Amino acid sequence: MPGFESSTAADQRFTVNLSILFTELPLLERPAAAAAAGFTAVELWWPWVDSPTPERCELDALKTAIEDAGVQLTGLNFYAGRLPGPDRGALSIPGEESERFRTNIDVAADFARSLGCTALNALYGNRVDGVDPAEQDALALRNLALAARAADRIGAVLLIEALNRPESPLYPLVSAPAAVGIVDKVNQATGLGNARFLMDLYHLSMNGEDLPAVIERYADRTGHVQIADNPGRGAPGTGTLPLEDLLDRLREAGYEGRVGLEYKPGDRPSAEAFDWLPR
């Protein structure tokens, strides 16, 4: 597999998503596995898919596992329903799911604060049959404003992510402009300015977007970047995306944040899925 040749990959700007990599291991063993693979930072989808408010002992156990591994938690999703699975977030779903999101806001923010994590990702949620999209959007804006205020309370940014239409056909934010439009609405509603775009180059490429143009237009609005190759959502070098060039463009455009590795390891142990990185 071709590797990255530039310093883009060599300076530990990468953070490993432990909800898609190292999933062959129990949750509490994944931080140490990432550290053993040479990483200093990790990120997570909300780990308790059935509970927006897990028991304190569960939260404490994960906190201890991250601290003991010596890695930094750099990103955390709010409760998003069954992910991976049929759901793409809860905050725009009327009724019980959006209520579960609201009960999760302070739990997630406090857990993030306890580990010095300063980025919280709020997945928007799918469209629901029989519900007016405008009603869902109004509910989403109210809940995102609550999430932005909680993030601000702990000194964090709130991330809004665009997904891809082929894999998430019911998700309304399937382009960079759509996601950035929500970022603008949240910032306007709260006056805090801490909502930011999560630029996932895999999802945007699946949508057929002009990635260099997206980078040029939105790098200054971007709070986090995630990558996987396309097709296949595998490691860099398994597909055709010029990820090294794209990350260089991001850096040149002023993006200085971390890059989340949110790809599937394929039919091999996750520890073997980093051979594209310079050693």
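Bear in mind the structure is a predicted one, so any value in this text is a computation, not a measurement.
Remark: aromatic rings of F39 and F274 are close, center separation under 6.0 Å. With ring centers used as reference points, F78 lies 6.0 Å or more from W48.
Across all their heavy atoms, P31 and I66 have their closest contact at CG-CG1, 3.9 Å. Here the shortest heavy-atom pairing between A273 and A235 reads O-CB, 3.8 Å. Of all the heavy atoms in Y263 and G234, the pair that sits closest is CB-O, 3.3 Å. Scanning all heavy atoms of the two residues, the minimum distance from L158 to A122 falls at CD1-CB, 3.8 Å. Of all heavy-atom pairs spanning A32 and A69, the tightest one is N-CB, 3.5 Å.
The closest donor-acceptor contact from the side chain of E209 to the backbone of H203 lies at 3.5 Å or more, if one exists at all. The closest donor-acceptor contact from the side chain of Q136 to the backbone of P94 lies at 3.5 Å or more, if one exists at all. Using a distance-only test at 3.5 Å, with no hydrogens or angles considered, no donor-acceptor pair links the side chain of N164 to the main chain of G208. Side chain of R249 to main chain of E216: no donor-acceptor pair is present (N/O by atom type, distance under 3.5 Å, no hydrogens or angles). Put simply, the side chain of W46 gets close to the backbone of S51: a donor and an acceptor are under 3.5 Å apart. Although no hydrogens or angles enter the test, the distance criterion places a donor-acceptor pair under 3.5 Å between the side chain of Q72 and the main chain of G116. Remark: the backbone N or O of W45 is paired with a side-chain donor or acceptor of S19 at under 3.5 angstrom. Within the 3.5 Å criterion, the main-chain N or O of E272 finds a donor-acceptor partner in the side chain of R268. Within the 3.5 Å criterion, the main-chain N or O of V42 finds a donor-acceptor partner in the side chain of T15. For the pair T222 (side chain) and M199 (backbone), a donor-acceptor distance under 3.5 Å is absent.
A salt bridge between D50 and R82 is absent, with no side-chain N of the basic residue lying under 4.0 Å from a carboxylate O of the acidic one. For R100 and E97, the salt-bridge test passes: some basic side-chain N is under 4.0 Å from an acidic carboxylate O.
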Practice task
Could you walk me through whether E256 and R13 pass the side-chain contact (heavy atoms from CB on, under 4.5 Å) test, one step at a time?
Solution key: CA-CA 9 Å; E256 297 178 345; R13 290 173 66 231; 5.9 Å; no
Exercise for the section: Show the numbers, then the answer: is there a side-chain contact (heavy atoms from CB on, under 4.5 Å) between Y255 and H224? Expected result: CA-CA 9 Å; Y255 178 74; H224 188 44; 3.9 Å; yes
Practice task
Please lay out, stage by stage, how R113 and D110 fare under the test salt bridge (charged side-chain N to carboxylate O under 4.0 Å, His left out).
Solution key: CA-CA 5 Å; R113 177 174 59 180; D110 288 342; 3.3 Å; yes
Practice task
Determine, stepwise, if the pair E43 / Q226 fulfils side-chain contact (heavy atoms from CB on, under 4.5 Å).
Solution key: CA-CA 11 Å; E43 61 184 19; Q226 291 174 329; 3.0 Å; yes
Practice task
Determine, stepwise, if the pair K63 / L115 fulfils side-chain contact (heavy atoms from CB on, under 4.5 Å).
Solution key: CA-CA 7 Å; K63 179 176 184 287; L115 285 161; 3.7 Å; yes
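Judged as a ring-ring contact (aromatic ring centres under 6.0 Å, His included), and not counting sequence neighbours, Y79 has no contacts. Partners of N104 according to the side chain to side chain donor-acceptor pair (under 3.5 Å) rule, which considers only residues two or more places apart in sequence or in another chain, do not exist here. Remark: D60 pairs with R56 by the side-chain contact (heavy atoms from CB on, under 4.5 Å) rule, at least two apart or across chains. With sequence neighbours excluded, the residues that form a side-chain contact (heavy atoms from CB on, under 4.5 Å) with A162 are A179, F197, L204. Residues that satisfy the side chain to side chain donor-acceptor pair (under 3.5 Å) test with S168, not counting sequence neighbours, are R88. In this structure, the side-chain contact (heavy atoms from CB on, under 4.5 Å) partners of P47, at least two apart in sequence or on a different chain, are L27, L44, L62, L76. For N230, the side-chain contact (heavy atoms from CB on, under 4.5 Å) criterion is met by Y202, S205, M206, L241, not counting sequence neighbours.
V225 places a side-chain heavy atom less than 4.5 Å from the side chain of I227. P265 has its side chain out of reach of F22: every pair of non-hydrogen atoms, C-beta onward, lies at least 4.5 Å apart. The closest side-chain heavy-atom distance from Y124 to P172 is below 4.5 Å. By the 4.5 Å heavy-atom criterion applied to side chains, E244 and P236 are not counted as neighbours. Side-chain atoms of L246 and L201, non-hydrogen and from C-beta on, do get closer than 4.5 Å to each other. Side chains of R196 and D220 form no contact here, defined as non-hydrogen atoms less than 4.5 Å apart. Looking at D210 and P212, their side chains come closer than 4.5 Å, going by heavy atoms from C-beta outward. Side-chain contact between R30 and T23: present, with at least one pair of heavy atoms (C-beta onward) separated by less than 4.5 Å.
In this model, no donor atom of one side chain and acceptor atom of the other lie less than 3.5 Å apart for T103 and T53. Between the side chains of D152 and N194, no donor-acceptor pair is found at a separation under 3.5 Å.
Hydrophobic cluster of V128: the remaining members, joined at side-chain heavy-atom separations below 4.5 Å, are I93, V131, listed by chain and number. Residues L159, L198 make up the rest of the hydrophobic cluster containing V157, defined by ILVMFWY side-chain heavy atoms closer than 4.5 Å, directly or through other members. Here L170 is tied to no hydrophobic group at all, with no ILVMFWY side chain closer than 4.5 Å.
Rounding to the nearest 0.5 Å places OG of S270 at 7.0 Å from CG of L25. The structure places CG of D229 at 10.0 Å from CH2 of W276, a figure rounded to the nearest 0.5 Å. Note that CG of D87 is 10.5 Å distant from CG of L123, once rounded to the nearest 0.5 Å.
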Side-chain donor-acceptor contacts of residues 141-150 below 3.5 Å, not counting sequence neighbours, with atom names and distances?
from, atom 1, to, atom 2, distance (Å)
N143, OD1, R102, NH1, 3.0
N143, ND2, L91, O, 2.8

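Summarising the local packing, CZ of R127 is surrounded by more than 12 heavy atoms from other residues, nucleotides or ligands at distances under 6.0 Å.
Within the structure, the salt bridge (charged side-chain N to carboxylate O under 4.0 Å, His left out) test picks out the following pairs touching residues 170-189 (sequence neighbours left out): D184-R221.
Cluster membership check: L192 does not share its hydrophobic cluster with I105, using side-chain heavy-atom separations under 4.5 Å among Ile, Leu, Val, Met, Phe, Trp and Tyr.
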